[in-house]
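Before any comments, here is the structure.
Computed from a predicted structure; not experimentally measured. Every heavy atom of this structure was used, including side-chain atoms; hydrogens, water molecules and symmetry mates were not. In what follows, residues are counted from 1 in the order of the sequence shown.
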Amino acid sequence: MIRALWFLLKLAAIIAAAVWLVERPGTVSVNWLGYVIETSFTVALLIGLAALALAALGYRLLRSVLRAPTTIRRYRRSRVREAGYRALTQGMVAVAAGDAVTARKMARKADGLLNEPPLTMLLSAQAAQLQGDDRAAKQYFTAMLDRPETAFLGLRGLLTQAVKVGDRVEALELARKARALQPNTPWLLGTLYDLEARAGDWASAEGTLQQAIQAGAIPTEDGRRHRAVLLLERSFEAERRGRGDAALAHAQSAHDLMPGFVPAAARLARLLVAAGRLKPAAKVVERTWKLAPHPDLADTYREILGGYDALTRVKLFEKLLAQAPDHVESHIALARVALDAHLWGEARDHLKRALGIEPSRRLFRLLAELERNERHDEAAARDWLAKAAAAPADPAWTCDSCNAVSHAWGGLCGHCGAFDSLDWKAPTLAVSLMEPGLHPAHTALVKSSAA
């Protein structure tokens with residue numbers, strides 16, 4: 001509506017001007033070289049306007065002729081550029097589809113048509129990776145480091161290759177260089193944290209973990225567990241260096257972060273025992289037992305009560321039973337100390353109650369031990385051991401990544417080096433067992449079965 005009104009206003013102005021000129025015709029006289037030209041003012045005005053239009057048209061034609069070579073060159077460059085980007089796009093599609101031959105062909109074509117090395121180098125590197133030519137891919141990624149706009153992409157490519165071949169030292173160095181360029185990239189922070197943890201650089205890993213949580217690379221709850229594991233590893237490290245106070249402080253922090261985390265509670269309790277603080281150590285185990293009854297906690301409790309006689313230990317172990325009266329581990333723990341005290345009836349009672357909750361190899365073996373010690377019945381003992389051999393494997397510290405089995409918990413899997421991968425579960429296929437009593441990060445693997 002507004003445009004229509006504006007058009008009508010302009011039309012009215014032109015008509016008004018034309019009427020005004022018609023009502024005031026006037027004359028124009030030109031005397032030039034003896035010639036006299038007379039005409040009306042209106043005609044002279046129209047002739048002047050026509051002359052200006054012709055002059056403008058002539059100027060445009062002349063400029064077009066003069067600029068024709070430049071225009072042709074631009075057109076040809078545009079066509080070449082368009083073909084180059086089309087080849088680049090086809091190459092990217094080929095990379096996504098896993099077509100290494102087409103990807104490399106399009107990479108060469110794009111490189112010849114486009115004067116943009118960053119894009120074509122990236123495509124060439126990806127094509128080389130698809131063909132399994134890691135050497136060529138590394139050359140392309142390394143060349144990308146010379147340009148500020150492609151340095152991060154080059155580092156990412158080299159980092160991916162280093163991780164692929166298992167060169168963690170180079171991967172860690174590349175990840176740190178990449179973080180210097182893009183410090184808040186989520187995937188990079190997650191990768192750097194994992195590499196630092198696998199390298200045993202616990203302090204750096206803890207700082208990177210916090211940054212990764214803030215960037216959303218690691219969920220908050222997962223980050224809490226990872227930090228507890230890092231603190232436990234720092235506790236082990238401090239103890240190896242003779243810094244007992246720091247070892248205890250790190251273990252306490254880990255336990256405070258995750259009160260139900262069995263390795264943290266067991267570690268803290270043992271350090272408290274070493275410091276002569278038996279009562280706080282016992283309280284740690286008792287509180288954690290209510291949240292997560294576990295054989296490692298039972299073993300730690302036995303160590304705490306090592307100075308008491310066998311009958312007193314049985315009475316004190318009843319505190320654990322009171323914390324989780326319906327859990328199979330409570331009855332197994334009490335049955336073990338009852339066996340030590342030669343309280344055969346109480347041991348049998350708790351073993352039968354545990355058997356009713358969840359049969360296991362450990363239970364069958366304890367029942368066999370009971371038959372031998374109480375009744376000296378080797379036949380009954382062999383029957384229980386036969387049942388143990390046929391029963392599913394007992395839970396153990398098993399790596400989620402490689403399924404290796406460890407007798408002791410550790411932050412790193414001793415088989416594959418994965419961080420925070422040990423979980424208490426029955427292994428589906430035992431890869432190896434760690435030597436008991438040693439830290440998984442520093443022990444050799446022993447070929448054995450989970451049984």
Roughly how far, to the nearest 0.5 Å, is the [atom2] atom of [Y] from the [atom1] atom of [X]?
X    : Y    : atom1 : atom2 : answer
E358 : I332 : CD    : CD1   : 8.0 Å
L320 : E286 : CG    : CD    : 6.0 Å
S235 : L230 : OG    : CG    : 12.5 Å
D134 : T160 : CG    : OG1   : 11.5 Å
D420 : E233 : CG    : CD    : 10.0 Å
D383 : F364 : CG    : CZ    : 11.5 Å

Quick check: do [X] and [Y] have side-chain heavy atoms less than 4.5 Å from each other?
X    : Y    : answer
E329 : L297 : no
M144 : F141 : yes
L192 : L172 : yes
L159 : L195 : yes
K315 : Y308 : no
V229 : W409 : yes

Just wondering, are more than 12 heavy atoms of other shown residues or ligands nearer than 6.0 Å to [atom1] in [X]?
X    : atom1 : value
K425 : NZ    : yes
D245 : CG    : no
R348 : CZ    : yes

Closer than 3.5 angstrom, by distance alone: can the side chain of [X] be matched with the main-chain N or O of [Y] as a donor-acceptor pair?
X    : Y    : answer
R277 : L272 : no
H250 : A228 : no
R179 : L188 : no
S360 : D394 : no
T185 : W187 : no
Q211 : P183 : yes

Applying salt bridge (charged side-chain N to carboxylate O under 4.0 Å, His left out) to R336 and D340, what does each step give before you reach the verdict?
CA-CA 6 Å; R336 287 184 62 189; D340 294 339; over 6 Å; no
Assess whether a salt bridge exists between R225 and E221, defined as any Lys/Arg side-chain N lying under 4.0 Å from an Asp/Glu carboxylate O.
no
What do the steps show when you test T398 against D423 for side-chain contact (heavy atoms from CB on, under 4.5 Å), and what is the final call?
CA-CA 5 Å; T398 307; D423 194 15; 5.9 Å; no
Row check, F261 ring normal vs R267 NZ/CZ: under 6.0 Å, within 45°:
no
Could you walk me through whether D296 and W397 pass side chain to side chain donor-acceptor pair (under 3.5 Å), step by step?
CA-CA 11 Å; D296 285 0; W397 291 114; 2.9 Å; yes
Does the side-chain contact (heavy atoms from CB on, under 4.5 Å) test come out yes or no for L155 and Q182, once each step is laid out?
CA-CA 11 Å; L155 287 170; Q182 297 287 342; over 6 Å; no
Derivation and outcome, salt bridge (charged side-chain N to carboxylate O under 4.0 Å, His left out), residues R365 and E369
CA-CA 6 Å; R365 287 171 179 160; E369 181 181 343; over 6 Å; no
Please find the pair of heavy atoms, one from A298 and one from W289, that lie closest to each other, and give the distance.
N-CZ3, 3.6 Å
Parallel, tilted or perpendicular: rings of F317 and Y301 (30°, 60°):
perpendicular
E196/S204 under side chain to side chain donor-acceptor pair (under 3.5 Å): CA gap, chis, key distance, verdict:
CA-CA 7 Å; E196 287 176 336; S204 298; 4.6 Å; no
Could you give me the CA-CA distance, side-chain angles and deciding distance for K283 and R287, then say whether side-chain contact (heavy atoms from CB on, under 4.5 Å) is met?
CA-CA 6 Å; K283 291 296 182 184; R287 285 194 298 266; 3.5 Å; yes
